[in-house]
Structure formats: structure tokens, C-alpha cells
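Following: one structure in C-alpha cells, then a few remarks.
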Amino acid sequence: MYLLRGASEVVTPRPAVKPHFGDAMGVVDRRANTDILIEGDKIIKVAKHIEAPGAEVIDVAGKVVVPGFVDPHTHLVWAGSREHELEWKLKGKSYQEILADGGGILRTVRETRAVDESELREQTLKRFKKAVQFGTTTIEIKSGYGLDEDTELKQLRVANWLKSLNLADTVVTFMGAHAFPEGLSRVEYVSEVIRILPLVKDLAEYCDVFCEEGAFTVDESKEILTAAKSLGFKLKIHADEFGDTGGGRLGAELGVITADHLAGSSLETIKELSNSGVIGVLLPGTPFALLSDHYSPARKMIANNLPIALATDCNPNCYTESMQLVQQLAVFRMGMTPAEALVSSTINAAFAIGKKDRGVISEGWRADLLICDVPDYRHLTYHFGINHVDTVIIGGKIIDG
Ligand code: NIG
Ligand code: FE
């Protein structure tokens, strides 16, 4: 049992059974001079002064406590790096041109295929630990740098190994449909992804497809996601990253749990997503890393009642593990408020990966908590570029280092 004693403020989204949207996305409760009692993996009491004989007391005076961040979209398992591509981007080469020339995702596929599983574990573990240090307590991890059966399985095993460490809670997604591998036709590879689906059923809960010009067409995406749905996978889609190319509308039609990116979605598409109960996962690190000003229209989404979650998209193109940076970009570049950024990185992000027990500091919720060295929770976004997280608590356990 732990007693967090005397937080200068405890800040939390309101408890809810579905993600917050509209004006409610901008509401957090702020409780000054508050204690939190944890037993097992649950929060059992939040009050001004708690007496709990036998509990280990942790002094959090002068600190702000918020729910652990949930990162619902990462490509964390890869080998190698692509720093040279940043220089190409600076010279004006686009993301899709780099991919079409065999770079980008395809470069990382070659590097990920070339390493053995223990090397891949080691490279990924470093990023996983970094994410936790920056406050991520639940993380989604996709495959998609294999594009063949062996390497996709290798990536998914690494993701499941991370899950077994009981550090950050982990949700795994199969994303064989991330790019077209060299050496197969489009038709052949779509069939290959569908053939692999049942082989990864025990290793992945979600199936995701990169639906975009230069990647999978709407028809190809539909074929793969429909096959995945019939096998019992939950669905996600990378959609409308560069323009409204039909991915968002397909997501609405199929009833995906989340449609991710949505930087180019039209108002019509935003309304369809919102009417279909889809959550929009916004990834402001991606335009930032692409040297682009093309951010998702968050204000338009909030005005049209689309629930928003934020995520890092951590990958070798957009290389950050920090949900703090993502919230800062959401505020500075997408016009979200600090409260909206926090709600979108906690309870809403948890719903984006099907977790209904976390992202709120209240009795009965999972004890995923961050003790932050800030005078006011708004400093999490206002004071940018440093790590504000002092201590991370995941499932009631204090994480070292
Ligand atoms: O979500 N857009 C597709 N996939 C990733 C990028 C992966 C990569 O460039 O390696 C994304 O941005
Ligand atoms: Fe992505």
C-alpha cells in the first residue's frame, strides 16, 4: 500500500465510460493539497487528508500528480536509424519520394530483417524504457518493418516480450500492410498479408493498414481489414495523412476503433468519423518531423464532436518516445488547450486501445500515476522540451530509473 502525501495538485480527466469529446474534452478536475491511496494495482482513495496506518508514505509536497500517459500509436520495434533522411527532407525531398526510392519504411525493413531477435529486443528495449521515463504507462506497438512472415513474427514476438516485462502495459498490433515489399506485386502482397493474419492472431489484438497514396489503396485496405475483422482482430487505420484519400471514410464505414493521422481529412470525413463512433488519433510529431505545417485540424474535430487521442507515432521517421513533446506540439501547433492535451493523452488514449480502467485519478481506477516536478499542471505543456516526470507508478508499482 502506498500513500502519496500532499500533492500540490492532483489533476485528472473526469471518469467516463466512453472517450470525452466536444467541450468535455477540455475539462479536468484540479484538487489542491490532496492525498492518493493505492492498494495493489488500484487507486482506492483520493482525499484531502488520508490516514492509512501501514501504508508506505511518499511525500509529494510541491508536486503535481496526473494519470500516466497512454501512447496508443507507435512503431517501436525496429532496427537501425534514418538520420540521413532528415538531411534529404531538408533539401526538399518528400516522405513519399523517399519511400518510392526504396528509402523510408523500406530502408528500415532491410535493417530490421538483418538483425536477430535478441538484437531487435535490445534496440527496442532502450526506446521502451525511454518512453516510460517520459511518462508512458501504457503503449501500443505495431509490427510493419518485416513485410514477410518471419520478420513480422519476429517483431510481434519482441512486442509481446516487452509486454511480459510488466513495465508499461502493452497492446500489440499487426501492421503487415505498412508498405509493399520489394519483389512482390501488389496483388501478391495483399494476399500474403491476408495469409499471415491467422498466423499472428495470438500475438496481436489489432490489425492496422497504411491507407494512403504511395501505400495501400482504399480497396486494398478494405480487403485486408475485412479479412482481419472476420478473424476477430480489432481494427485501426492510418488514414488521410497527406490528403483526404478515402482512408478516413473507409474507417468510418468499417467501424474501426481508431483512424490515425487525419491531417488531410475534410469536414465531411470528420463528421462521418464522429457519427461512426471512431476515435481520431492525432500524431503531431509526424508533420513536425516532416518539416511540414500540415497538422491535423484538431479544433474542427473538437467542434464536430470527434473524440481525440494523441500519440507519438514513434518510428525512425518521427523519432520521439515523449508524450510530453506530443502534448506540447498539440498545444503549440494544433491549438489544443493544456487540458485537452492531457485528456487526449490519458483517458481518451486508453479508449483508443480498448482500455477502460485507466487514465483517471479516482477510486477504483488503475494506479498508473506520474509525479511531476511542476508548479501547475499547465507547465507540462507551457514549459517545453524537458522531462517533467519525477516518478512513474504503473499498476501500483514504482518504476525505477
Ligand atoms: O505512421 N505512415 C506510415 N507509417 C509511419 C511511418 C513509418 C516510417 O516512416 O518508418 C507513420 O508515420
Ligand atoms: Fe504510424
Side-chain angles (χ1 to χ4, degrees), residues 71-86 88-89 93-113 123-124 127 131 139-147 151-152 155 159 171-181 206-217 220-221 224 235-243 245 247-248 251 256-265 280-292 294-296 309-321 323 326 329 349 352-353:
D71 187 349
H73 180 142
T74 84
H75 304 254
L76 206 74
V77 189
W78 80 79
S81 63
R82 308 212 305 255
E83 61 281 4
H84 57 282
E85 289 182 3
L86 177 55
W88 297 351
K89 289 185 275 184
K93 207 164 172 183
S94 76
Y95 180 76
Q96 280 143 309
E97 283 164 353
I98 293 172
L99 180 61
D101 289 350
I105 296 172
L106 293 175
R107 152 95 187 200
T108 303
V109 167
R110 288 192 292 278
E111 292 189 291
T112 306
R113 285 180 180 176
Q123 291 194 24
T124 308
R127 296 187 279 267
I139 190 166
E140 185 261 12
I141 300 178
K142 304 174 199 298
S143 67
Y145 293 121
L147 312 183
T151 318
E152 289 293 317
Q155 280 192 284
V171 167
V172 182
T173 298
F174 170 61
M175 197 177 178
H178 195 198
F180 285 92
Y206 285 83
C207 177
D208 195 346
V209 173
F210 185 16
C211 180
E212 197 69 48
E213 257 162 45
F216 291 75
T217 64
E220 289 161 347
S221 303
I224 293 165
L235 307 184
K236 291 181 167 285
I237 189 166
H238 279 61
D240 302 343
E241 178 174 348
F242 302 106
T245 52
V256 296
I257 309 286
T258 69
D260 302 33
H261 284 294
L262 307 180
S265 299
V281 176
L282 308 189
L283 311 162
T286 306
F288 185 67
L290 290 172
L291 320 176
S292 155
H294 194 49
Y295 288 84
S296 308
L310 292 168
T312 60
D313 199 17
C314 184
N315 69 64
N317 174 62
C318 169
Y319 192 3
T320 182
E321 298 90 341
M323 282 298 290
V326 165
L329 290 172
I353 44 177

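What you are looking at is a predicted structure, and each value in this text was computed from that prediction instead of being measured. Start at 1 and go down the list; that is how both ligands and their atoms are numbered. The first residue of the sequence shown is numbered 1, and numbering continues consecutively from there.
In this structure, the separation between CG on N317 and CD1 on I98 is 7.5 Å, given to the nearest 0.5 Å.
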Which N/O atoms of ligand 1 sit under 3.5 Å from a protein N/O, and at what distances?
residue  : atom   : partner : partner atom : Å
ligand 1 : 1 (O)  : H75     : NE2          : 3.4
ligand 1 : 1 (O)  : H238    : NE2          : 3.0
ligand 1 : 1 (O)  : H261    : NE2          : 2.9
ligand 1 : 1 (O)  : D313    : OD1          : 2.9
ligand 1 : 1 (O)  : D313    : OD2          : 2.9
ligand 1 : 2 (N)  : E241    : OE1          : 3.1
ligand 1 : 4 (N)  : H178    : NE2          : 2.8
ligand 1 : 9 (O)  : R82     : NH2          : 2.8
ligand 1 : 9 (O)  : Y95     : OH           : 2.6
ligand 1 : 10 (O) : R82     : NH1          : 3.0
ligand 1 : 10 (O) : R82     : NH2          : 3.3
ligand 1 : 10 (O) : Y145    : OH           : 2.6
ligand 1 : 12 (O) : D313    : OD2          : 2.7

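Within 6.0 Å of CZ in F242 there are more than 12 heavy atoms belonging to other residues, nucleotides or ligands. The local environment of CD in E97 is crowded, with over 12 non-hydrogen atoms from other residues, nucleotides or ligands closer than 6.0 Å.
Ring geometry for W78 against Y145 counts as perpendicular: the plane angle is over 60°, on a 0 to 90° scale with 30° as the lower cut. A tilted orientation is assigned to the rings of H178 and F210, their planes being inclined by 30° to 60°.
The only option from I237, V281, L235 that meets the side chain to side chain contact (heavy atoms under 4.5 Å, CB included) definition with T258 turns out to be V281.
The Fe ion (ligand 2) has H73 NE2, H75 NE2, H238 NE2, D313 OD1 as protein N, O or S atoms under 2.8 Å away.
Shown here are the side chain to side chain contact (heavy atoms under 4.5 Å, CB included) partners of T217, two or more places apart in sequence or in another chain: R186, D219, E220. With sequence neighbours excluded, the residues that form a side chain to side chain contact (heavy atoms under 4.5 Å, CB included) with R113 are V109, L147, D148, T151, P181.
The closest side-chain donor-acceptor pair between E140 and T173 falls under 3.5 angstrom.
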